[in-house]
Amino acid sequence: MTDLVTVTPYGPAGASSRVRVFDWIKALDLRAARFQYLGLSLNSPSRLVRRPLGVVSAEARLRSLERQLHGHTVLMSKMASPLSNGSIERRLLEKAGRGVYDFDDALFHGNAGGLRRLGSKPQMWAKAVAAADVVIAGNDYLASHAMAVTSKSKVHVIPSCIEPSHYSAKSKYDVGATPVAIWVGSPGTEPYLQTVAPALLKLNKSIGLRLVIVSSGNAELGPLQPMVDRVEWSLSRVGAEMVKADVGIMPMLDDPWTRGKCGYKLLQYAAAGLPCVGSPVGVNRQVLSNIGGRSASPAPEWAEQILDLIEMGQRERRSLGTRMSAAVRRHYSYEAWGPAWREAVLGRG
């Protein structure tokens with residue numbers, strides 16, 4: 001017998017599905033029947049076009065799933081189908097014995113162009129929020145928008161959490177002859193690096209700073225390209241690269257979409273005990289305060305904050321890293337948020 005049925009747009013390699021659903025199942029040792037749309041890390045238009053039979057099969061399985069949900073708790077992350085305007089999400093959540101809708105992005109702010117117009121994220125999001133018995137938002141900004149659609153009593157805020165034991169703890173805090181900053185992310189967020197390019201280039205010129213990018217992307221990064229070392233993203237390589245770096249960075253633009261982000265890169269850096277600098281956008285401001293990270297805005301502050309962390313004494317850097325990893329366990333771990341998640345999703349603490 002299963003504890004719940006999960007509906008996710010991605011497989012375990014998709015960051016939001018992994019963090020918001022699969023890692024919770026593992027952390028709480030739950031039994032779950034899983035529906036994954038195509039099981040990919042991303043449902044981009046180009047990937048969907050290359051898998052027409054898979055898309056047809058996924059859509060058929062969703063319709064079949066509708067008939068099997070009576071009496072079951074359903075946890076849906078973001079969306080059931082990338083082609084949907086919300087009808088299938090609404091039906092799945094309404095037919096469940098307990099329908100739980102979880103989201104960690106500002107889906108209410110619109111779509112990109114191209115094939116994505118086949119499915120309206122704002123319409124889908126609004127229908128899912130209205131149909132759910134329980135709505136879980138990744139931060140207060142997201143929750144405030146959900147409360148405009150459904151009863152405030154249905155909305156819970158549970159941050160994106162992390163399992164500290166999955167990350168190797170940084171043990172060496174001496175900075176070598178070539179200081180290293182690291183950025184972990186996706187191809188879609190790599191352009192944010194351009195917002196701090198002047199600061200990074202200045203440090204490259206003055207102290208030889210290198211930038212390690214852990215991503216599945218391979219786009220040229222303009223003036224930054226000569227100082228960049230790329231590492232193909234994988235779960236195992238993220239941790240290994242972070243413990244070798246000296247500073248973790250998370251620059252972001254300040255716009256309606258980024259204000260809905262949940263600060264996961266900062267939590268990863270902190271879990272590894274890696275001093276970090278981030279843009280104080282949306283929930284990042286609170287996360288940086290809670291974990292002891294550095295806030296940098298406007299752009300000129302980036303060079304100052306990164307340089308200060310690099311020039312910090314080894315003992316002080318180690319102490320900072322230790323405090324950061326402890327703060328993640330206290331504020332953002334699955335253990336810390338377990339009772340709240342059980343209550344929201346399963347109706348029991």
Side-chain angles (χ1 to χ4, degrees), residues 12-16 18-19 23 41-42 160 162-194 196-197 199-201 203-204 207-221 224-252 261-279 284 287-288 291-294 296 302 305-307 309-310 312 314 317-318 320-322 324-325 328-329 332:
S16 62
R18 182 181 69 254
V19 172
D23 281 354
S41 61
L42 185 67
S160 290
I162 204 159
E163 177 47 62
S165 65
H166 290 174
Y167 292 82
S168 299
K170 187 172 175 61
S171 60
K172 296 182 179 180
Y173 284 90
D174 54 316
V175 178
T178 302
V180 176
I182 189 171
W183 179 89
V184 177
S186 64
T189 53
E190 285 186 21
Y192 295 151
L193 289 166
Q194 299 301 331
V196 296
L200 297 175
L201 291 168
L203 293 172
N204 174 252
I207 63 173
L209 181 75
R210 300 290 299 176
L211 175 63
V212 171
I213 294 180
V214 184
S215 167
S216 59
N218 57 10
E220 290 289 319
L221 293 170
L224 287 174
Q225 195 65 30
M227 67 174 292
V228 166
D229 300 303
R230 280 194 176 275
V231 175
E232 180 70 19
W233 185 92
S234 73
L235 278 174
S236 59
R237 298 190 79 173
V238 168
E241 293 297 326
M242 286 195 299
V243 297
K244 293 189 293 184
D246 301 305
V247 180
I249 63 172
M250 187 180 179
M252 291 200 318
K261 290 294 185 181
C262 292
Y264 194 70
K265 291 183 185 66
L266 298 175
L267 301 183
Q268 290 181 294
Y269 299 147
L274 176 65
C276 62
V277 183
S279 299
N284 270 18
V287 172
L288 288 164
I291 66 175
R294 298 292 185 90
W302 277 85
Q305 295 288 8
I306 293 173
L307 184 61
L309 288 174
I310 288 173
M312 185 182 290
Q314 183 179 159
R317 283 168 53 78
R318 183 183 298 277
L320 175 60
T322 300
M324 291 176 71
S325 58
V328 165
R329 186 176 296 276
Y332 298 103

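The chain is numbered in sequence order, starting from 1. All values reported here derive from a predicted model rather than from experimental measurement. For the numbers below, each heavy atom of this structure counts, side chains included, while hydrogens, waters and symmetry mates do not.
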Just jot down the salt bridge (Lys or Arg N to Asp or Glu O under 4.0 Å) partners of Lys170, sequence neighbours excluded, or say none.
none
Assess whether side chain to side chain contact (heavy atoms under 4.5 Å, CB included) is satisfied between Gln314 and Arg317, documenting all intermediate values.
CA-CA 5 Å; Gln314 183 179 159; Arg317 283 168 53 78; 5.7 Å; no
About how many Å separate CD of Glu232 and CD of Glu241, when rounded to the nearest 0.5 Å?
12.0 Å
If you define the side chain from C-beta out and look only at heavy atoms, does anything of Leu200 sit under 4.5 Å from Met227?
yes
After noting the C-alpha distance and the side-chain angles of Trp302 and Ser279, does the key distance pass the side chain to side chain contact (heavy atoms under 4.5 Å, CB included) rule?
CA-CA 9 Å; Trp302 277 85; Ser279 299; 3.4 Å; yes
Mind checking whether Val228 and Leu193 have side chains closer than 4.5 Å, heavy atoms only?
no
At their closest point, which heavy atom of Arg294 faces which heavy atom of Leu288, and how far apart are they?
O-CD2, 3.5 Å
What one should report as the nearest heavy-atom pair of Ala177 and Pro179 is O-CD, 3.5 Å
Do you know the tightest heavy-atom contact between Ala296 and Gln305?
CB-CG, 4.2 Å
Distance from Ser168 atom OG to Lys244 atom NZ, nearest 0.5 Å?
11.5 Å
Got a list of side-chain donor-acceptor pairs under 3.5 Å for residues 262-269, not counting sequence neighbours?
| unit_1 | atom_1 | unit_2 | atom_2 | d |
| --- | --- | --- | --- | --- |
| Gln268 | NE2 | Tyr167 | OH | 3.1 |
| Tyr269 | OH | Ile182 | O | 3.4 |
| Tyr269 | OH | Val184 | N | 3.2 |
| Tyr269 | OH | Ile249 | O | 2.8 |

Option from Asn204, Thr178, Asp229 for which side chain to side chain donor-acceptor pair (under 3.5 Å) with Arg210 holds
Asp229
Just verifying a value: how many Å separate Asp246 CG and Ile306 CD1, rounded to the nearest 0.5 Å?
11.0 Å
Donor-acceptor list for residues 211-219 side chains, cut-off 3.5 Å, not counting sequence neighbours:
| unit_1 | atom_1 | unit_2 | atom_2 | d |
| --- | --- | --- | --- | --- |
| Ser215 | OG | Glu190 | OE2 | 2.7 |
| Ser215 | OG | Gly217 | N | 3.0 |

Any idea which heavy atoms bring Pro251 and Trp183 closest together, and the distance?
CD-CD1, 3.9 Å
In this structure, which one of Pro275, Ser325, Cys276 forms a side chain to side chain contact (heavy atoms under 4.5 Å, CB included) with Leu320?
Pro275
Side chain to side chain contact (heavy atoms under 4.5 Å, CB included) evaluation trace for Leu224 with Leu201:
CA-CA 7 Å; Leu224 287 174; Leu201 291 168; 4.1 Å; yes
Between Ala169 and Val243, what is the shortest heavy-atom contact and its length?
C-CG1, 4.1 Å
Closest non-hydrogen atoms of Val328 and Ala271, given as atom of the first, atom of the second and distance, are CG2-N, 3.9 Å
Measure the spacing between CE of Met324 and CG of Leu274 and express it to the nearest 0.5 Å.
7.0 Å
